[in-house]
Amino acid sequence: MVSEVEMNNILVALNEINDKLDRLLFQQDSSSHVSQEDGLNELDVMTLLSLPDHLRTTATVLFEMGTATAAQISEKTSKERAVESNYLNQLVRMGHVHKYRNGRKVFFTVQ
């Protein structure tokens, strides 16, 4: 049997997920995406849901930030910068994220 406290924790977690999905849907509707002719797939809600948890977390944070470095994302996810860099490069290879360099810094974006 699930206790009332556990049930409330589950409800809070589900509400947080719902809020994040609502924000993602709103951002998707109000922002322009990279066109398919550029070779990148749009990072929509269904794509996010199909990703493994570790990539979904990274992609969601990047989607919320717009453009960020691996170090900036690692601050939000509390994971090591090298781990986030690896995850971001996986998303680049999958075609969901664009990577570019500005000086010595490497930036990632979903636009």
Side-chain angles (χ1 to χ4, degrees):
M1 198 86 161
V2 178
S3 72
E4 187 173 333
V5 171
E6 291 172 327
M7 193 62 107
N8 284 335
N9 290 340
I10 292 170
L11 184 60
V12 167
L14 288 173
N15 283 331
E16 288 174 1
I17 291 169
N18 190 38
D19 290 342
K20 286 182 179 181
L21 288 173
D22 286 344
R23 283 195 309 270
L24 289 172
L25 284 171
F26 177 75
Q27 287 177 343
Q28 179 184 8
D29 290 341
S30 63
S31 68
S32 62
H33 292 283
V34 175
S35 67
Q36 293 293 337
E37 61 196 42
D38 290 336
L40 297 177
N41 299 322
E42 291 181 357
L43 190 54
D44 59 10
V45 173
M46 292 309 294
T47 303
L48 280 174
L49 292 174
S50 70
L51 293 173
D53 288 339
H54 64 284
L55 294 179
R56 183 180 322 121
T57 301
T58 299
T60 302
V61 170
L62 179 61
F63 196 85
E64 290 173 352
M65 294 178 78
T67 299
T69 64
Q72 291 169 326
I73 291 176
S74 70
E75 290 174 10
K76 296 274 188 182
T77 63
S78 301
K79 296 177 188 167
E80 294 292 324
R81 185 212 51 83
V83 171
E84 288 301 339
S85 180
N86 181 21
Y87 294 166
L88 287 162
N89 283 315
Q90 286 181 39
L91 291 167
V92 168
R93 286 190 299 274
M94 294 170 76
H96 300 304
V97 172
H98 177 70
K99 174 180 173 179
Y100 67 93
R101 181 178 295 276
N102 187 358
R104 294 188 65 198
K105 293 191 178 201
V106 177
F107 291 90
F108 297 88
T109 185
V110 286
Q111 294 180 350

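Side-chain atoms are counted along with the backbone in the values below, which use heavy atoms only and exclude waters and symmetry mates. Quick caveat: nothing in here was measured; it's all calculated off a predicted structure. Starting from 1, each residue takes its place in the sequence as its number.
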Test log, rule side chain to side chain donor-acceptor pair (under 3.5 Å), inputs Ser74 and Glu80 = CA-CA 6 Å; Ser74 70; Glu80 294 292 324; over 6 Å; no

Between Phe108 and Thr67, does a side chain to side chain contact (heavy atoms under 4.5 Å, CB included) hold up when you go through it step by step?
-> CA-CA 6 Å; Phe108 297 88; Thr67 299; over 6 Å; no

Apply side chain to side chain contact (heavy atoms under 4.5 Å, CB included) to Val92 and His98, showing your working.
-> CA-CA 6 Å; Val92 168; His98 177 70; over 6 Å; no

Side chain to side chain contact (heavy atoms under 4.5 Å, CB included) between Lys79 and Thr57, worked out | CA-CA 11 Å; Lys79 296 177 188 167; Thr57 301; 4.2 Å; yes

Steps toward side chain to side chain contact (heavy atoms under 4.5 Å, CB included) verdict (His54, Gln90) = CA-CA 11 Å; His54 64 284; Gln90 286 181 39; 4.1 Å; yes

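With respect to Leu88, the side-chain contact (heavy atoms from CB on, under 4.5 Å) criterion is satisfied by exactly one of Leu62, Val83, Val106: Leu62. A side-chain contact (heavy atoms from CB on, under 4.5 Å) with Glu84 is found for exactly one of Asn89, Ile73, Thr69, namely Ile73.
Taking every heavy atom of both residues into account, Leu91 and Ala59 meet most closely at CD1-CB, 3.9 Å.
The closest donor-acceptor contact from the side chain of Thr58 to the backbone of Tyr87 lies at 3.5 Å or more, if one exists at all. Distance alone, capped at 3.5 Å, places no donor-acceptor pair between the Arg81 side chain and the Ala70 backbone.
How far CG of Asn9 is from OG of Ser3: 8.0 Å, rounded to the nearest 0.5 Å. Atom CE of Met65 and atom CD of Gln72 lie 5.0 Å apart (nearest 0.5 Å).
Cluster annotation: Val110 is not connected to Phe107 through the hydrophobic network of ILVMFWY side chains, with a link wherever side-chain heavy atoms come within less than 4.5 Å.
Two residues are said to be in side-chain contact when any heavy atoms from C-beta on lie closer than 4.5 Å; Lys99 and Thr109 fail this criterion.
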